[in-house]
Amino acid sequence: IIISTYNTFYNKNPESKWKTMILDEATIIKNSNTNISRRLLSLAPLIKNRICISAMPSQNNPSELYNIFQFIQPDILGTEESFEKYFSFPIRSGSRLFANETQIAMALQSAKLLRDMCKNYIIRRTFKETKKCMPIKKEYIVWVNMNQEQQLLYEKISKQKDKTQDMRMKEYVLRSVIEGLHPNCNEIYNVKRHTLYKLIDEFIEKGHSIGIFFKYIKVMDIVSKYLTEKNIPNGQIHGKISMSKRQENIDLLNSGKIKVLLLGSRSCGYGINIKKATRLIINGCDFNPIISDQCSGRSYRVDQEKNVD
């Protein structure tokens, strides 16, 4: 039995004839254009038993599922071109904000057919099955109103969505407007950030370790500066942080040497265990609810012994 990281496996390029290969965090191969994906997919036909393990489902993108199945059971979902035509395109079209009834119906039909084709190759263990042996997790929603400056900015930017009558363009404009509001509002010293600071101070005073998830690195840097000025030890994990530095910050949190870990919500899906953090804050939910579930799963997990809020 050989246990290896993906990078080590790729760099060492072992040529053994594998009878069985298990990919943990199998979404590592969701993008077929990476070197690791190409290497593993090329080995698939030579391996008798192939297993993929993941707690992170494909994020509303059928092509990611297709790439994983190219390792599990090559060609069962057809060629990449036919899969795009009969599954990916209809499902994406029917999932759009302004999709019509025909597009929605075709998306549902394609999704059902895809599920039926895959179900014999998937063993699913739901969270409910493990929840009985886990501590309590409580979730709270803290509503924060915009201040006057943010309200004026919101009204100014939101008017852009009324400049087009094309329904296909409205979705694009609306998404652009929403994405534009986040960084603009974050530039202003806003009530939400003030509320976040109050929560941090309260949790620190009560002796808790904290994990805080952000959509934007710029906001993470602002909060990190605040914590540093208050002499609160903290670390960061996001797309620009190396893997070794990520693990170092995780170890510092779990050992109690830092009290707050700031994480990018889109970069916390692989192998991150911060069970020391019994207070989690998601600073602005992602458009995809799966992302928020993944964030809380970094601490609220099977080996957690304490209650998580």
Side-chain angles (χ1 to χ4, degrees), residues 1-89 91-92 114-115 117-125 217 236-251 263-274 288 290-291 293-295 297-298 301:
I1 298 176
I2 295 179
I3 301 175
S4 170
T5 65
Y6 288 106
N7 286 330
T8 300
F9 182 85
Y10 176 77
N11 292 329
K12 296 297 182 181
N13 198 26
E15 296 296 339
S16 301
K17 294 182 179 180
W18 310 98
K19 292 183 179 180
T20 299
M21 183 173 288
I22 302 174
L23 305 186
D24 188 26
E25 302 290 0
T27 45
I28 192 76
I29 62 169
K30 67 181 183 181
N31 182 352
S32 61
N33 294 320
T34 65
N35 290 332
I36 292 175
S37 292
R38 284 196 287 263
R39 171 65 177 152
L40 291 170
L41 292 175
S42 69
L43 290 175
L46 307 176
I47 303 169
K48 182 178 180 181
N49 304 305
R50 302 177 297 276
I51 300 172
C52 291
I53 303 174
S54 177
M56 187 171 73
S58 57
Q59 299 170 4
N60 302 329
N61 187 345
S63 64
E64 296 177 3
L65 181 67
Y66 178 84
N67 292 331
I68 293 174
F69 260 82
Q70 287 300 98
F71 178 82
I72 300 172
Q73 193 70 19
D75 302 325
I76 190 175
L77 297 180
T79 64
E80 190 171 359
E81 292 76 14
S82 65
F83 186 83
E84 169 67 23
K85 179 179 179 180
Y86 295 111
F87 295 105
S88 289
F89 180 74
I91 291 173
R92 286 200 309 270
L114 180 59
R115 181 185 62 189
M117 293 173 67
C118 297
K119 65 182 180 181
N120 291 333
Y121 300 91
I122 297 176
I123 299 175
R124 186 183 179 196
R125 188 185 186 195
I217 296 176
Q236 295 188 26
I237 292 179
H238 52 70
K240 296 182 180 180
I241 301 293
S242 67
M243 295 301 293
S244 59
K245 185 63 177 178
R246 291 187 187 197
Q247 190 58 51
E248 179 184 337
N249 286 335
I250 292 170
D251 293 340
L263 306 99
S265 59
R266 291 274 177 169
S267 60
C268 66
Y270 297 107
I272 293 180
N273 183 338
I274 55 170
N288 188 339
I290 294 296
I291 299 296
D293 290 340
Q294 289 168 7
C295 292
R298 300 309 95 200
R301 47 201 301 132

- Item | Shortest non-hydrogen contact from R38 toward N33 |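 Closest heavy-atom pair between R38 and N33: NH1-O, 2.6 Å.
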
- Quick one: closest heavy-atom pair of S54 and T27, and the distance?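 Between these two residues, the closest heavy atoms are OG-CG2, 3.8 Å.
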
Within the side chain of [X], is there an N or O that forms a donor-acceptor pair under 3.5 Å with the backbone of [Y]?
X: R246; Y: H238; result: yes
X: R50; Y: T20; result: no
X: S88; Y: P62; result: no

Would you indicate whether the side-chain heavy atoms of [Y] and [X] approach each other to under 4.5 Å?
X: R92; Y: E84; answer: yes
X: L263; Y: I237; answer: yes
X: L65; Y: C118; answer: yes
X: M117; Y: F69; answer: no
X: L23; Y: Y6; answer: yes
X: F9; Y: L43; answer: yes

- Rounded to the nearest 0.5 Å, how far apart are CE of M21 and CG of N49?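 Result: 11.5 Å between the selected atoms.
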
- Please work out which of the three classes, parallel, tilted or perpendicular, describes the rings of Y66 and F83, given edges at 30° and 60°.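 Geometry flag for Y66 against F83: tilted rings.
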
Atom pairs and distances, donor-acceptor, side-chain atoms in residues 70-80, under 3.5 Å, two or more places apart:
residue: Q70; atom: OE1; partner: D75; partner atom: N; Å: 3.3
residue: T79; atom: OG1; partner: S82; partner atom: N; Å: 3.1
residue: T79; atom: OG1; partner: S82; partner atom: OG; Å: 3.0

- Message: Would you say that more than 12 heavy atoms from the other residues, nucleotides or ligands in this model lie under 6.0 Å from the CG of L46, or not?
- Response: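 Yes - once you tally the heavy atoms of other residues, nucleotides and ligands closer than 6.0 Å, there are more than 12.
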
